[in-house]
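Worksheet: the structure to be examined is printed underneath.
Just so we're clear, the structure is a prediction, and the values are computed from it rather than from any experiment. The sequence lines fix the lettering, A, B, ..., with proteins before strands; numbering per chain opens at 1.
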Number of protein chains: 2
Amino acid sequence: MVKREYSTADIIEHIADLWQPLNEEQRAILANDFTIQRFRKNETIYCEGEKATHIMCLLSGKVKIVKDGVGGRTQIIRVIKPVEYFAYRAYFADEEYVTAAAAFEPSVICMIPMKTITRLIGENHQLAMFFIKQLSKDLGIADERTVSLTQKHIRGRLAEALLFLKENYGVEEDESTLSIYLSREDLANLSNMTTSNAIRTLSIFASEKLIAIDGRKIKLIDEDRLRKISKIG
Amino acid sequence: MVKREYSTADIIEHIADLWQPLNEEQRAILANDFTIQRFRKNETIYCEGEKATHIMCLLSGKVKIVKDGVGGRTQIIRVIKPVEYFAYRAYFADEEYVTAAAAFEPSVICMIPMKTITRLIGENHQLAMFFIKQLSKDLGIADERTVSLTQKHIRGRLAEALLFLKENYGVEEDESTLSIYLSREDLANLSNMTTSNAIRTLSIFASEKLIAIDGRKIKLIDEDRLRKISKIG
DNA sequence: CTATAATTATGTTGTAGAGCACAAAATTAG
DNA sequence: CTAATTTTGTGCTCTACAACATAATTATAG
């Protein structure tokens with residue numbers, strides 16, 4: 001399933017968003033400067049408070065960006081799928097990480113020094129626009145999310161999380177079983193509730209035939225109704 | 001108090017962040033392309049769902065960026081002080097506005113077409129970096145805020161809001177009265193609570209000698225303790 | 001200057017959801 | 001294979017906070 005080896009050509013293909021805008025000279029710089037790192041399931045990728053030095057590109061696997069709040073509760077701020085970039089915000093903002101990152105599943109990550117990236121941005125405005133656009137999209141999502149998480153009720157938040165997981169990580173061959181198998185705790189941290197309430201609400205959803213549960217496998221049965229529940233909050 | 005007229009030179013001085021990185025030719029382009037608009041207290045500046053066409057720079061006054069959630073409650077997502085830029089995210093993300101903006105107070109805003117901005121970004125990487133940095137900072141703030149608003153209790157959220165207002169808009173000559181006079185409703189929308197609870201908690205804070213209230217004037221008396229309340233949530 | 005509306009204040013009630021406790025099931029370790 | 005640990009499931013209690021009601025005060029308009 002997970003590739004054991006990545007050739008340079010493989011990687012370049014994966015990081016096309018960065019690669020494509022570059023000219024030959026710039027490509028030479030980039031090609032020389034990335035490294036590959038593997039992370040096991042649940043392994044931490046970076047921690048809050050650490051100094052940001054590399055942009056990371058998820059080549060395969062699934063990653064969560066989390067933040068611990070007061071009282072020990074953890075919020076999943078956003079999730080990363082292949083091929084997406086992360087871990088660059090703090091460097092650009094001249095800050096330490098305000099979040100942490102961990103792998104949901106075995107993951108392979110391509111690391112590029114931010115120094116190289118900023119140098120390339122200085123020479124290539126298409127690359128600059130790539131980051132401006134990405135940050136702008138993420139900021140919009142964050143704004144939406146703030147309101148959803150604070151205002152929607154438990155059922156609405158869980159329904160939203162399930163639909164989000166489908167949109168983001170997709171489904172299996174049956175077209176309705178979520179491709180990501182999250183623990184109830186992760187699901188709770190994603191939708192801002194306690195683990196007990198995630199478990200409870202999940203089984204209520206199952207009893208209402210909105211979803212079917214088989215361990216960590218979640219099958220979305222009545223997506224329309226889930227969407228309605230998510231929308232009304 | 002509020003300037004009746006702004007000369008071109010005045011404005012250029014205000015938008016130094018954009019102006020300074022530019023060369024003569026680029027400056028000529030920008031100088032030709034901005035307009036000034038005034039907004040009355042509580043006047044709407046832009047609405048959710050509208051198309052974003054101009055970046056806005058607040059020259060004087062105070063502005064709130066808000067988002068309506070389910071159930072009619074409104075969240076103040078962020079606030080703008082002079083001289084800060086806003087309203088550009090949606091254009092960069094190729095989206096319509098997901099938020100609305102309104103003036104807390106009479107405000108003067110400089111508008112520059114986003115087409116001009118993107119053109120200038122294409123020629124000037126310092127300008128690109130300005131936006132990358134700004135967006136990165138805002139995204140970090142949004143992430144922090146999500147966790148605060150969802151996890152802290154009412155007292156913690158209100159204390160945080162009061163301290164934030166001091167840091168952001170400053171205080172009067174006495175060094176402790178907030179310079180911004182918000183309605184209880186705005187204060188509630190800023191700290192994610194109902195208006196009644198903002199009123200109630202505010203008067204509890206007053207009875208605990210943490211603050212002093214005189215109508216909409218709020219004086220921070222025991223900032224250390226407020227900070228503690230904000231921190232522990 | 002009065003009438004109307006908006007804002008502030010305070011008390012009361014109801015409930016969503018946190019915070020346990022405990023058991024069953026599933027993983028992991030030895 | 002068995003013991004230990006983690007995850008899942010369910011019930012119960014308690015409280016933070018929303019929701020509503022009503023009055024007092026202040027602002028706005030006609």
Side-chain angles (χ1 to χ4, degrees), chain A residues 40-43 69-75 102 104-106 147-161 180-208 211-218 229 232-233, chain B residues 40-43 69-75 102 104-106 147-161 180-208 211-218 229 232-233:
Chain A
R40 274 163 293 129
K41 191 177 154 86
N42 293 322
E43 193 176 348
V70 292
R73 294 220 288 131
T74 301
Q75 180 66 48
F104 277 130
E105 305 179 356
V147 176
S148 280
L149 288 179
T150 54
Q151 298 200 11
K152 284 185 185 175
H153 286 183
I154 278 206
R155 288 170 61 87
R157 299 202 304 270
L158 186 64
E160 180 175 291
I180 188 169
Y181 297 0
L182 285 185
S183 70
R184 303 293 194 260
E185 192 185 357
D186 275 331
L187 207 51
N189 292 343
L190 187 61
S191 19
N192 183 35
M193 62 187 68
T194 55
T195 307
S196 343
N197 271 327
I199 292 167
R200 203 187 316 274
T201 311
L202 219 47
S203 65
I204 293 173
F205 278 4
S207 75
E208 291 174 353
I211 62 173
I213 328 179
D214 173 18
R216 292 191 177 183
K217 267 191 195 171
I218 298 174
I229 291 168
I232 63 169
Chain B
R40 273 164 293 130
K41 192 177 152 85
N42 294 322
E43 194 177 346
V70 292
R73 295 193 36 229
T74 301
Q75 179 66 49
F104 277 130
E105 304 180 355
V147 175
S148 280
L149 288 179
T150 54
Q151 297 199 13
K152 284 184 185 175
H153 287 182
I154 277 202
R155 287 170 62 87
R157 298 201 304 269
L158 186 63
E160 179 174 291
I180 188 169
Y181 297 0
L182 285 184
S183 70
R184 303 292 194 262
E185 192 184 356
D186 275 331
L187 207 52
N189 293 343
L190 186 62
S191 21
N192 183 35
M193 60 187 68
T194 54
T195 306
S196 339
N197 271 327
I199 293 168
R200 203 189 314 274
T201 310
L202 218 47
S203 65
I204 293 173
F205 278 5
S207 76
E208 291 173 353
I211 61 173
I213 327 180
D214 172 18
R216 292 191 178 182
K217 267 191 195 173
I218 298 174
I229 291 169
I232 62 169

Requested in this report: Provide, to the nearest angstrom, the distance between the CG atom belonging to Asp186(A) and the C1' atom belonging to dT8(D).
Outcome: 14 Å
Query raised in the report: Can you name the salt bridge (charged side-chain N to carboxylate O under 4.0 Å, His left out) partners of Glu185(B), sequence neighbours left out?
Result: none
Query raised in the report: Mind checking what makes side-chain hydrogen bond (donor to acceptor under 3.5 Å, both in side chains) contact with Arg184(A), not counting sequence neighbours?
Result: none
Query - With sequence neighbours excluded, residues passing side chain to side chain contact (heavy atoms under 4.5 Å, CB included) with Ala159(A) - result: Phe205(A), Leu226(A), Ile229(A), Ser230(A)
**Report entry** Listed partners of Thr150(A) passing side chain to side chain contact (heavy atoms under 4.5 Å, CB included), at least two apart
**Finding:** Gln75(B), Leu149(B), Thr150(B), Asn192(B)
Query raised in the report: Taking only residues two or more places apart in sequence or in another chain, which ones pass side-chain hydrogen bond (donor to acceptor under 3.5 Å, both in side chains) with Thr201(B)?
Result: none
Report summary line: Closest non-hydrogen contact found for Leu202(B) with Ile213(B) is O-CD1, 3.6 Å
Requested in this report: Sugar-phosphate means primed atoms, P, OP1 and OP2; the rest is base. With that split, encode nucleotides 6-23 of chain C 5' to 3' as B, S or - using protein heavy atoms under 4.0 Å.
Outcome: -SSBBBB----SBBB---
Query raised in the report: What pairs meet the salt bridge (Lys or Arg N to Asp or Glu O under 4.0 Å) rule with one or both residues in residues 152-161 of chain A, with sequence neighbours excluded?
Result: Lys152(A)-Glu160(A), Arg155(A)-Glu208(A)
Query - Pair listing, salt bridge (Lys or Arg N to Asp or Glu O under 4.0 Å) test, anchored in residues 188-203 of chain B, at least two apart - result: none
**Report entry** Qualifying residues under side chain to side chain contact (heavy atoms under 4.5 Å, CB included), relative to Ile232(B), sequence neighbours excluded
**Finding:** none
Table of protein N/O atoms under 3.5 Å from nucleotides 27-30 of chain D N/O atoms:
none

Report task. Using five base pairs at each end, measure the axis-to-axis angle across the helix from dC1(C)-dG30(D) to dG30(C)-dC1(D) and round it to 10 degrees. Result -> 50°
**Report entry** For Thr74(A), side-chain hydrogen bond (donor to acceptor under 3.5 Å, both in side chains) partners two or more places apart
**Finding:** Asp68(A)
